[in-house]
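Remember, predicted model here, so these are calculated numbers, not experimental data.
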Amino acid sequence: MKEEEEAEEEEDEELGHAETYAEYMPMKLRIGLRHPDPVVETSSLSSVNPPNVWYRMSIPEETIDRGWLSALQLEAITYAAQQHETFLPNGDRASYLIGDGAGVGKGRTIAGIIYENYLLGRKRSLWFSVSNDLKYDAERDLKDIGAKNIPVYSLNKVRGCPVGKGVIFATYSSLIGESQSGGKYKTRFKQLLHWCGQVFDGVIVYDECHKAKNVCPIGSSKPTKTGLAVLELQNKLPKARVVYASATGASEPRNMAYMSRLGIWGEGTPFREFSNFIQAVERRGVGAMEIVAMDMKLRGMYIARQLSFTGVTFKIEEVPLTTHYIKMYNKSVRLWVAAREKFQAAANLMDAEQRMKKSMWGQFWSAHQRFFKYLCIASKVRRVVQLAREEVKNGKCVVIGLQSTGEARTLEALEEGGGELNDFVSTAKGVLQSLVEKHFPAPDRGKLFSLLAEQKGKKRKAKVEVDDSCMTSQDAVEDAQQMKRDLLDQLEKLAQDLPPNTLDELIDELGGPDNVAEMTGRKGRVVSNDDGSISYESRSELDVPVEILNLTEKQRFMDGEKNIAIISEAASSGISLQADRRVKNQRRRVHMTLELPWSADRAIQQFGRTHRSNQVTAPEYVFLISELAGEQRFASIVAKRLESLGALTHGDRRATETRDLSRFNFDNKYGRNALEIVMKSIVNLDFPLVNPPSNFEGDFYKGMSHTVRFFPLFFPDYNNIGKFLNRILGMAVQEQNALFQYFSDTLAAVILNAKKNGRYDMGILGKTGEKSVERGMSWEDATHAWAEQSGPDDGFYVQVLKDQLDVFFSTEFGKLFLVYRPNTGKQLKLEAYADIKKKCKKVLSDDAKQHWIDQYQSSAEICSHAYWRGNCKKVSMGLQCEVGLRCRTYYVLCGSVLSVWTKVEGVLASVSGTNIKMQIVRLRTEDGQRIVGLIIPINCVSPLTNILSSSDQSQQLAVQQQQKWQQLHPQSLSHMHNMGSPPSLT
């Protein structure tokens, strides 16, 4: 409470969030027709200007004048070609990153880059994507821009290297596959290298490049083969013109490891290796990622636009649970509790090694998560069917997004039934059944001798101790086998209540395959026949090859033959399902997602299927989430990835906060802090921050403590959000909802506290006009605020500090109090009334008035230290102190911050600590100049200015030398060309 003890607080409350998007138009290129639909760019990226255009395009005027390539697409083609004329310090050709979202026409842009190079004699290109189906889209895009003479070959159809000029289209999976032609080139990778030749300088496109993620291992994980192959191909062809293209880019900066040609790390950069870059970015938070995106645009290596979401509606539909469903769910919970007990007991009987136990529990919790995920999805089927029927009846058409099809379990059941089925297959049942049959620690009799051989005494019977009694290993095996049989018997009893496969049930309820266009990766499905029987049938049709089945179903939907489509991940890349002006079915699309994807990469792909260019109407998005608290896990993951996605790929993390999903983001430091408080308060190791849910029947803490101790879901990882949100699925419905509500309430309190005490990461903030830096509260404003309050403890308080009175106004906010001060206004830290009452005295407004006015007026120029003590150590040393001042001065580092990152890092770390978050601000000066940059703490300004001044002199000398060199070699451009403007402090 003491003002004199006030720390150097962060003033996040003074800055407001600026608008998220800005209308986009090319700034430096004046050719081409306007894009057919409104396109936007995040406001942070729009505040940064790309470099000047000096490249002259070779694409025919007809293509430009007829609008086959829009101005937006021509801009991306130009900057890509311009960047490709630049070489990195290590001699590799620089690459370009296209982060355009669905609807901007990324396919035509890529086709334009290939066409441009083809016209200049570079007639061989590689185009990688995620599905062979997209090869037809590539051919269409080339044809649409007037390049129909460029042939496109599928790598999986090429034998040896007989093809000549043109484009080889390949999937990422084929890049790591073996060649079917045999002979000299045993792998597709070597086949491609031979086709390209040793001095290849053509185009390599990594479309949907997020599929090459995970090159950089996390924890014990290993790099994916795909990611390594993408890197290796770039290393083998250093002069290739590489283009990375994806609406999602890298959902985490760690997944940028394969973008080695951007020149952000490596020789001639502040980061020696990718690991140095990722450590710096992750340590400094979301602000650092935003700096990277803006810097990349500034240098001319990155562009990211997306279709305006004007007209698009977002809605989260929370589906209520039926009494029957809750009973079934709670039965499942009890079965999993029993399963855990039996797994544990059997493992003890078998005297299982630690390594075996670790593997067993890994399988157990993985199956546990999938099982309850399927139950969550099943709770929404009835509501989805109801909504879909209503929308079709109202003249709209419906797209339903799923992630998994459950085909593997269906095929298992088909095999068990000898090729026949009596009912729809339950995917949930299959998950638990497979776990028990394959991973329950109960070896058969044939394995008993090998088990005995592993015991310490091979000649004597090994004994294991269970509940203070001994039995032979053979008895132990028989007991474990009995447990396994009991568990399978219990599952069979429960199976009659478990829901069927979601995809089959949806298609059946919505009228069968004749009415529903299915675009998934599965080869067969379970259907109900006219006589009521159930059978499995292949999806293949007499006159339609399997490889183009999804394209055929898509066409039926776009032609209006079917008004409902179901898409899975297999169809979520590249397929366009929007209400296109060129197709027959122009009904408004209602896109329903009842199974939130496991990652934001997949989410963005699915959401972009129905919102694209040239559409008559924008889609409606409906996200169905059940009332089960545990299902928030999946929404949390998507929200976290989307938030990060906005920061990196589109440069502004607030771009996704307009979506309702952001309120389900718990997996951050505030969530972990709240969870720690929750778990410790439940087991009586800490005081609760909020009261338990009032609607919980019984003693909340006693009930939760019993659950936590009996079913050890959380310890020792008591603040692991992912594990918490996953494991509470295994609790009864009432318990998990109550626990989740308690967690949510605690999190809300933690965030309010963190905004003042912690370092709350607010993303990009905007500051315009004079009012945003004036944080004080005048007496008039204070009395107006007081007049609106009615609580018995609301009002003015004073505290004696030194020889003066500290005055403030407080109002009840839940169980805590908001505090307002004359010099710093509304405080973000909430105070407990007990603390206020202990130190302060409530007074009448007349008694507080003069003290309030005095402090308000003094704080215009005098810091808190001088006000309370009569002097300030900093001021006496000739330094500036702004603690407690009504007005604050902000120092913003602008320009190409990435180029001096290590220098900024060094100053921040030495003066303000290694964990301070980078805070980005966008502001407008009095003369109307827009500035976007990094807020520099006042104590870092002087040392950073000194370092940058000396660095700037060195850079100017280097630029002069570079200009002289370029005069002698006018056709060659170096990496220095794209360094962007030098950073400056404003």
Side-chain angles (χ1 to χ4, degrees), residues 315-321 326 329 372-373 376 379 596 623-643 656-657 659-683 685-701 703-705 707-708 713-714 717-758 760-761 812-816 818 828-830 832:
K315 181 174 70 170
I316 285 186
E317 177 99 1
E318 297 199 7
V319 181
L321 305 178
I326 292 174
Y329 194 98
F372 285 104
K373 187 193 77 164
C376 291
S379 69
L596 281 167
F623 302 97
L624 290 103
I625 297 178
S626 74
E627 287 181 328
L628 290 166
E631 201 198 358
Q632 307 288 353
R633 164 165 170 67
F634 309 111
S636 172
I637 289 175
V638 172
K640 178 191 174 187
R641 296 291 178 87
L642 287 174
E643 193 173 81
T656 54
E657 288 184 357
R659 321 291 192 265
D660 286 342
L661 276 178
S662 63
R663 66 189 177 98
F664 295 116
N665 185 8
F666 316 112
D667 198 358
N668 49 42
K669 62 182 178 182
Y670 312 112
R672 290 188 289 274
N673 185 14
L675 181 55
E676 182 172 342
I677 295 171
V678 165
M679 300 312 301
K680 287 185 174 179
S681 66
I682 285 175
V683 295
L685 292 177
D686 199 355
F687 292 104
L689 197 60
V690 297
N691 288 333
S694 58
N695 60 350
F696 184 80
E697 297 177 6
D699 188 321
F700 176 80
Y701 293 108
M704 290 298 123
S705 178
T707 301
V708 169
L713 308 176
F714 318 118
D717 298 327
Y718 52 79
N719 65 349
N720 186 318
I721 292 288
K723 190 170 289 187
F724 167 71
L725 293 176
N726 178 27
R727 300 286 175 82
I728 60 173
L729 286 163
M731 298 171 66
V733 173
Q734 187 212 6
E735 288 182 339
Q736 65 170 274
N737 283 334
L739 181 57
F740 189 81
Q741 183 63 51
Y742 182 58
F743 165 69
S744 298
D745 293 344
T746 302
L747 176 59
V750 164
I751 288 176
L752 284 171
N753 274 301
K755 285 182 177 178
K756 181 67 179 183
N757 289 339
Y760 191 66
D761 193 352
E812 189 172 359
F813 185 79
K815 295 190 173 297
L816 299 172
L818 280 171
L828 287 179
K829 180 183 178 182
L830 297 177

Check: Nearest heavy-atom pair of Thr746 and Ala674: which atoms, and what distance?
Finding: CG2-O, 3.8 Å
Note to self: Could you report the tightest heavy-atom contact between Glu697 and Gln734, atom names first, then the distance?
What the structure shows: N-NE2, 3.1 Å
Check: Would Glu735 and Phe700 count as a side chain to side chain contact (heavy atoms under 4.5 Å, CB included) if you check the C-alpha gap in whole Å, the side-chain angles of each, and the deciding distance to 0.1 Å?
Finding: CA-CA 9 Å; Glu735 288 182 339; Phe700 176 80; over 6 Å; no
Next item on the list: Determine whether Leu747 and Val678 make a side-chain contact, defined as any pair of heavy atoms from C-beta on separated by less than 4.5 Å.
Entry: no
Checklist line | Donor-acceptor under 3.5 Å (Glu318 side chain, Ser626 main chain) | finding: no
Notebook entry, point to check: Do the non-hydrogen side-chain atoms of Leu729 and Tyr329 ever get within less than 4.5 Å of each other?
Noted result: yes
Item checked: Residues Tyr742, Phe696; criterion ring-ring contact (aromatic ring centres under 6.0 Å, His included); working and verdict -> CA-CA 10 Å; Tyr742 182 58; Phe696 184 80; over 10 Å; no
Check: Does Glu676 come within less than 4.0 Å of Arg672, counting only side-chain N to carboxylate O?
Finding: no
Next item on the list: Check whether the side chains of Asp745 and Gln741 place a donor and an acceptor atom closer than 3.5 Å, and report yes or no.
Entry: yes
Checklist line | Non-hydrogen side-chain atoms of Pro692 and Tyr701 separated by less than 4.5 Å | finding: yes
Next item on the list: Would you indicate whether the side-chain heavy atoms of Met704 and Met731 approach each other to under 4.5 Å?
Entry: yes
Margin query: Apply side chain to side chain contact (heavy atoms under 4.5 Å, CB included) to residues Leu321 and Val733 and explain how you reach the verdict.
Written below: CA-CA 10 Å; Leu321 305 178; Val733 173; 4.1 Å; yes
Next item on the list: Could you pull out the closest heavy-atom pair between Leu628 and Cys376, with the gap in Å?
Entry: CD1-SG, 3.8 Å
Checklist line | Near-ring test Phe743/Phe724, centroid separation under 6.0 angstrom | finding: yes
